[in-house]
There are 2 protein chains.
Amino acid sequence: MVKIDSQTKMKFLHGFSHKTRVQILESVKEEEKTVSQIVNDLNGNQSNISQHLACLKGCGLIVGKKDGKYVYYSVRNQLVRDLLTMFDVVLEDIQNDIAYCEKHID
Amino acid sequence: MVKIDSQTKMKFLHGFSHKTRVQILESVKEEEKTVSQIVNDLNGNQSNISQHLACLKGCGLIVGKKDGKYVYYSVRNQLVRDLLTMFDVVLEDIQNDIAYCEKHID
DNA sequence: TTATTATATTAGCAATGACTAATATGTGTG
DNA sequence: CACACATATTAGTCATTGCTAATATAATAA
């Protein structure tokens, strides 16, 4: 197994650390969508969603292809799709035991 | 597939969103360790590590078993272990293309 | 029982991340 | 060309998260 640079890894994982980003990932998991479609899906605001999209792209989780005035975003590849599925599998397994982690760190 | 509550999901994913927490997960992935062993492994400070451990526990990613004055932490189960491995598999695949995401959101 | 070691918790400050609003860029259309 | 639409970017502010230092708790050892 090739060595993974820790900084790269954190950049990647950062993609999953915000609700809006995770919702975007779910929204484009099975089919590519334009920014406005995503904005609609999530009932978000354009600027905000665009910023999260830029982040997800930087994290390597999604790719965007431009077509005229639209940009179509989709999950990068099948591995990333599998990873998203895996989250749900693991969660299904542990969800009932998850204790409160309200303060997230304390 | 059972429905995953979005709040629970975010709590879970939050566990992976900080370098120290990821390092802790890696440190206890294959063998359980006491807090002080982890503090040593990571060259961290006790209070800080304790706080991250509490977070990881709250996120459902690790479990701690108390034995006398020691607490042994380990990854919750094989599924979580698999998920950690999967991160590396996916990363190996995309690591070279990951563009900068320096600002993480902008 | 006093001291020591291991871990957890709290409070306050420092740092990072996210949101909104405004504006810029780029593309097609009347 | 002027306008409208889709998306991106920037700046400023607000909110969240994380760190350090101090202290608390709990278990063992002297």
Side-chain angles (χ1 to χ4, degrees), chain A residues 6-7 10-25 27-28 32-59 61-74 99-106, chain B residues 6-7 10-25 27-28 32-59 61-74 99-106:
Chain A
S6 137
Q7 204 180 332
M10 285 320 302
K11 196 184 294 177
F12 170 77
L13 290 175
H14 183 76
F16 303 107
S17 73
H18 192 279
K19 186 175 177 188
T20 303
R21 287 194 291 274
V22 173
Q23 287 175 329
I24 291 173
L25 288 169
S27 165
V28 301
E32 61 181 20
K33 296 205 176 136
T34 67
V35 178
S36 6
Q37 280 180 293
I38 298 168
V39 169
N40 261 279
D41 272 22
L42 308 201
N43 234 289
N45 106 18
Q46 186 269 320
S47 165
N48 189 236
I49 299 288
S50 251
Q51 289 173 66
H52 284 298
L53 285 167
C55 175
L56 286 167
K57 199 162 97 182
C59 299
L61 291 170
I62 62 174
V63 293
K65 70 168 195 262
K66 187 161 184 176
D67 181 13
K69 63 178 174 176
Y70 298 96
V71 181
Y72 291 87
Y73 283 101
S74 53
Y100 275 94
C101 184
E102 282 175 356
K103 294 180 263 169
H104 284 152
I105 173 129
D106 305 320
Chain B
S6 138
Q7 204 179 331
M10 286 321 301
K11 197 184 292 177
F12 170 78
L13 290 175
H14 183 77
F16 304 107
S17 74
H18 192 280
K19 186 175 177 188
T20 303
R21 287 194 291 273
V22 173
Q23 287 174 328
I24 291 173
L25 288 169
S27 166
V28 301
E32 61 180 19
K33 295 205 177 135
T34 66
V35 178
S36 7
Q37 281 180 294
I38 298 167
V39 170
N40 260 281
D41 273 22
L42 308 201
N43 235 289
N45 106 17
Q46 185 268 318
S47 165
N48 189 235
I49 300 288
S50 252
Q51 290 175 66
H52 284 298
L53 285 167
C55 175
L56 286 167
K57 201 162 96 181
C59 299
L61 292 169
I62 61 174
V63 293
K65 71 168 192 262
K66 188 159 185 177
D67 181 13
K69 64 178 174 177
Y70 298 97
V71 180
Y72 292 86
Y73 284 100
S74 54
Y100 276 93
C101 182
E102 280 174 359
K103 296 178 262 166
H104 284 152
I105 174 129
D106 306 321

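The chains referred to below are lettered A, B, ... by the order of the sequence lines, with proteins before strands, and numbering in each begins at 1. These values consider heavy atoms only, across backbone and side chains, with no hydrogens, waters or symmetry-generated copies. Every value quoted in this text rests on a predicted model; they were computed, and no experiment measured them.
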Looking at C:dG17, I'd like to know if its phosphate oxygens (OP1 or OP2) sit under 4.0 Å from a side-chain N or O belonging to A:His52.
no
Could you check how far CG of B:Asn45 sits from P of D:dG18, rounded to whole Å?
14 Å
State, to 0.1 Å, how close B:Ser6 and A:Lys19 come at their nearest heavy-atom pair, and which atoms those are.
OG-CE, 3.5 Å
With the side chain defined as heavy atoms from C-beta on, B:Val35 is closest, among C:dA21, C:dA8, D:dC5, to C:dA8
Please state whether the rings of A:Tyr70 and A:Tyr72 are parallel, tilted or perpendicular, taking 30° and 60° as the class boundaries.
tilted
Among the nucleotides D:dA27, C:dT20, C:dA8, whichever has the atom closest to the side chain of B:Lys66 is D:dA27
Between B:Lys69 (NZ) and C:dT7 (P), how many Å, whole number?
9 Å
Between A:Arg21 and A:His52 (side chain of the first, backbone of the second, donor and acceptor by atom type, cut-off under 3.5 Å), is there such a pair?
no
Between D:dC5, C:dA21, D:dC19, which nucleotide has the shortest distance from any of its atoms to the side chain of B:Asn48?
D:dC19
Less than 3.5 Å between a donor and an acceptor, one on the side chain of B:Ser36 and one on the base of C:dT7, is that the case here?
no
d(CG, B:Leu42; C1', D:dG18) in whole Å
15 Å
Nearest to side-chain heavy atoms of A:Gln51, which nucleotide of C:dT7, C:dT20, D:dG18
C:dT20
Rounded distance (Å) that lies between atom P of C:dG17 and atom CG of A:Leu56:
15 Å
Touch check for B:Thr34, heavy atoms < 4.0 angstrom, all strands: base, sugar-phosphate only, or nothing?
sugar-phosphate
Between B:Leu53 and A:Ser17, who's closer to the 5' end of DNA chain C by nearest nucleotide?
B:Leu53
Side-chain N or O of B:His18 less than 4.0 angstrom from OP1 or OP2 on C:dT16?
no
Nearest-Å distance for atom pair NZ/P, residues B:Lys19 and C:dA15:
17 Å
Looking at every strand, decide which applies to A:Tyr72 at a 4.0 Å heavy-atom threshold: base, sugar-phosphate, or nothing.
nothing
Does B:Lys33 reach the main-chain N or O of B:Ser27 with its side chain, forming a donor-acceptor pair under 3.5 Å?
yes
Would you say the base of D:dT9 and the side-chain of A:Gln46 have a donor-acceptor pair closer than 3.5 Å?
no
Whole-Å gap separating C1' (C:dG17) and CZ (A:Phe16):
18 Å
Does any N or O in the side chain of B:Ser17 come within less than 3.5 Å of the main-chain N or O of B:His14, such that one atom is a donor and the other an acceptor?
yes
May I have the distance from A:Leu13 (atom CG) to C:dT16 (atom C1'), rounded to whole angstrom?
17 Å
Mind calculating the distance between CD1 (A:Ile49) and P (C:dA21) to the nearest angstrom?
15 Å
